[in-house]
A.B. asks: 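Following this message is one structure expressed as structure tokens.
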Amino acid sequence: MFCPKCGQEVHDEAIVCVHCGCSLKKSNIAEDDAPNTGFTVLGAFFPLVGFILYLVYHSSSPQKAKSAGKGALIGLIISVVLGCLWGGLVGTMMASLYY
């Protein structure tokens, strides 16, 4: 067997490469794991969906999970900012009616 990082030959039962220290243990991370712009956009428009996707993919596809989590965070921030602006606008309009 050969180390995937340094290419040196290692024992078949080895867990760590003795040359570079790279772990030789097979991980449960999917090979097709890549950042997903669709998850980011979906999470931005629907933060709860983005959070759920993050929880579903966090152990098997960390890059996809990061994209979904980033979208959920962006959506949450936008929701809070727009809510504050809307509350300020409505509060100002209501105050102008009474004064």
A.B. asks: Where is the tightest heavy-atom contact between Ala44 and Pro47, given as atom of each residue plus distance?
C.D. replies: O-CD, 4.2 Å
A.B. asks: Who are the ring pair (Phe, Tyr, Trp, His ring centres under 6.0 Å) partners of Tyr57, not counting sequence neighbours?
C.D. replies: Phe39
A.B. asks: Which value, rounded to the nearest 0.5 Å, describes the distance between Ile74 atom CD1 and Phe45 atom CZ?
C.D. replies: 11.0 Å
A.B. asks: Nearest 0.5 Å, what's the CD1-CG distance between Ile78 and Leu73?
C.D. replies: 10.0 Å
A.B. asks: So, taking the atom named CG in Asn36 and the one named NZ in Lys66, what distance separates them when rounded to the nearest 0.5 Å?
C.D. replies: 14.0 Å
A.B. asks: Please report the closest heavy-atom contact between Lys64 and Ala34, naming both atoms and the distance.
C.D. replies: CG-O, 3.4 Å
A.B. asks: Distance from Leu53 atom CG to Thr40 atom OG1, nearest 0.5 Å?
C.D. replies: 10.5 Å
A.B. asks: Which residues pass the side chain to side chain contact (heavy atoms under 4.5 Å, CB included) test with Ile52, not counting sequence neighbours?
C.D. replies: Leu48, Val56
A.B. asks: Please check if Val90 and Leu85 belong to a single hydrophobic cluster, counting links between Ile, Leu, Val, Met, Phe, Trp and Tyr side chain heavy atoms closer than 4.5 Å.
C.D. replies: no
A.B. asks: Which residues satisfy the side chain to side chain contact (heavy atoms under 4.5 Å, CB included) test with His19, sequence neighbours excluded?
C.D. replies: Cys6, Gln8, Val10, Cys17
A.B. asks: Can you name the nearest heavy-atom pair linking Gly50 to Ala72, along with the distance?
C.D. replies: C-CB, 3.9 Å
A.B. asks: Rounded to the nearest 0.5 Å, what separates atom OG in Ser61 from atom OH in Tyr54?
C.D. replies: 12.5 Å
A.B. asks: Do you reckon Val18 sits in the same ILVMFWY cluster as Phe2, going by side-chain contacts under 4.5 Å, direct or chained?
C.D. replies: no
A.B. asks: Grouping I, L, V, M, F, W and Y whenever their side-chain heavy atoms are under 4.5 Å apart, do Phe46 and Phe51 come out in a common cluster?
C.D. replies: no
A.B. asks: Does Leu82 have more than 12 heavy atoms from other residues, nucleotides or ligands lying within 6.0 Å of its CG?
C.D. replies: yes
